[in-house]
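Below is one structure, written out as structure tokens, with a few remarks after it.
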Amino acid sequence: MKGTIKAPLVIVGATGMIGTRVVAQALAAGRRTIAVAHDVDALARLEAQHGAALTTLVADIRSDGDAADLAARLRALPGPAPGAVIAAIRGTAGSRRVLDAPADFLRRRLDEDLLPHLSIARHLLPMLATQPRAGYVLVGGPGADHPWSGYGHHSIGASALRMLARVLHEEARTLPVRVQMLAVDSPMRCDANAAHARAQWPDVEAIAEHALRLVDGAANADVALVRFPIGAAVRPPGLSDDLDVGACAPTHTHQADASALLRRLAATAAPQESRS
């Protein structure tokens, strides 16, 4: 609201594709912003780009202890306590068939893609509970509703993350903190992939803008899972979960795998939690 000073916003994963755009948009709106990331060099570049308006914290969230340390450092910062968090984190993921990989491969994916979200929420949600109308938004990517050829491990993690978001949404009501997930149901379009991006892919700027609206309660405030973009489709009737579209090989390019996913996100939409 115009004329209202908002509590500081914490962006975990601030040097990623979405995180950097959330940082830029939040600062452009005059909001105090705290950028958290594990990549020291990328965080330094972000700080150099935005100057003193941006507060940065180097943190590698791999355990409950790491998340507890981050919460303590955030509480120790001068000024009002943070009143909003956007968590846009994800581990590195290569292309590989689940059947061809040892169990440790999937375990690592869950360790990097899922469990850090739980650790951060466990320690940052109580901090947010001290602020009125606090919001917490997780950002998740595609593959949760459909097996993604060559990235089955990512589909499993993405599906688990969506359920975690639903659970946190319910449990955080008692704090009270509004927890939601912005589920991006297709690959994103950005400057780096502009040459081959599909027209229907959502722009990363639009994703960042909607994440900010969600964390401030300006859209879909009572919904646990908000799907993006508008009209994101689910599996067409009769398409089995054990049926891949096209070959599933570790040599696929990212563009080919994204195309396979898009073919599966097709025709008939089913009831969804919310379409933004």
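Values in this document were obtained by computation on a predicted structure and should not be read as measured data.
The minimum heavy-atom distance between Pro116 and Ile89, with the atom names listed, is CB-CD1, 3.8 Å. Closest non-hydrogen pair, Gly141 versus Arg162, comes out as O-NH2, 3.5 Å. Closest heavy-atom contact between Arg178 and Asp216: NH2-C, 3.4 Å. The two atoms that bring Val137 and Ala211 nearest to each other are CG2-O, 4.2 Å, heavy atoms only. When all heavy atoms of Val98 and Gly152 are compared, the pair lying nearest together is CG2-C, 3.8 Å. Taking each heavy atom of Ala7 and Pro82 in turn, the nearest pair found is CB-C, 4.3 Å.
Remark: of the listed residues Leu77, Val23, Val12, Leu9, Leu77 is the sole one forming a side chain to side chain contact (heavy atoms under 4.5 Å, CB included) with Ile34. Shown are Leu114, Val139, Leu118; of these, the side chain to side chain contact (heavy atoms under 4.5 Å, CB included) with Leu161 is made only by Leu114.
No donor-acceptor pair closer than 3.5 Å links the side chain of Asn220 to the backbone N or O of Val223. Between the side chain of Gln180 and the backbone N or O of His169, no donor-acceptor pair lies under 3.5 Å. Between the Arg96 side chain and the Gly150 main chain, no donor and acceptor come within less than 3.5 Å of each other. Side-chain atoms of Thr130 never come within 3.5 Å of backbone atoms of Leu128 as a donor-acceptor pair (strictly under, hydrogens ignored). In terms of modelled atom types and a separation under 3.5 Å, the side chain of Ser155 and the main chain of Ala144 share no donor-acceptor contact. The closest donor-acceptor contact from the side chain of Thr20 to the backbone of Met17 lies under 3.5 Å. The backbone N or O of Trp201 lies less than 3.5 Å from a partner atom in the side chain of Arg189, making a donor-acceptor pair. When atom types are taken as modelled, the side chain of His153 and the backbone of Leu106 share no donor-acceptor pair closer than 3.5 angstrom.
You'll find the side chain of His50 stays beyond 4.5 Å of the side chain of Thr33, heavy atoms only. At a threshold of 4.5 Å between non-hydrogen side-chain atoms, the residues Val36 and Leu70 count as touching. Looking only at side-chain heavy atoms (C-beta outward), His117 and Met181 stay at 4.5 Å or farther from each other.
The aromatic rings of Phe228 and His210 lie tilted to each other, with the angle between the two planes from 30° to 60°.
Other residues, nucleotides and ligands place no more than 12 heavy atoms under 6.0 Å from the CG atom of Asp222.
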Acceptor/donor pairs from residues 120-127 side chains to any protein atom, 3.5 angstrom cut, sequence neighbours excluded:
unit_1, atom_1, unit_2, atom_2, d
Arg122, NE, Asp64, OD1, 3.3
Arg122, NE, Asp64, OD2, 3.0
Arg122, NH2, Asp64, OD2, 2.7
His123, NE2, Asp64, O, 3.3

Donor-acceptor contacts, no H, no angles, side chain residues 52-63, under 3.5 Å, sequence neighbours left out:
unit_1, atom_1, unit_2, atom_2, d
Asp60, OD1, Arg62, NE, 3.3
Asp60, OD2, Arg62, NE, 3.1
Asp60, OD2, Arg62, NH2, 3.4
Ser63, OG, Gly65, N, 3.3
Ser63, OG, Asp66, N, 3.2
Ser63, OG, Asp66, OD2, 3.2

Open item on the list: Would Leu212 and Ile86 count as a side chain to side chain contact (heavy atoms under 4.5 Å, CB included) here? Give the steps.
Closed with: CA-CA 8 Å; Leu212 287 167; Ile86 294 177; 4.0 Å; yes
TODO: Using the side chain to side chain contact (heavy atoms under 4.5 Å, CB included) rule, take Asp39 and Asp41 through it: C-alpha gap first, then chi angles, then the decisive distance, then the call.
DONE: CA-CA 6 Å; Asp39 188 326; Asp41 293 337; 3.8 Å; yes
Open item on the list: For a side chain to side chain contact (heavy atoms under 4.5 Å, CB included) check, start with the C-alpha distance between Val85 and Val215, then their side-chain angles and the critical distance, and finish with the verdict.
Closed with: CA-CA 7 Å; Val85 171; Val215 83; 5.9 Å; no
Open item on the list: Would Leu74 and Val10 count as a side chain to side chain contact (heavy atoms under 4.5 Å, CB included) here? Give the steps.
Closed with: CA-CA 9 Å; Leu74 288 169; Val10 178; 4.0 Å; yes
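Considering CD1 of Ile156 and CG of Asp113, their distance stands at 11.5 Å, rounded to 0.5 Å. Here the straight-line distance linking atom CZ of Arg45 with atom CG of Leu43 works out to 10.0 Å at 0.5 Å rounding. Between atom CG of residue Leu168 and atom CZ of residue Arg173 there is a gap of 12.5 Å, rounded to the nearest 0.5 Å.
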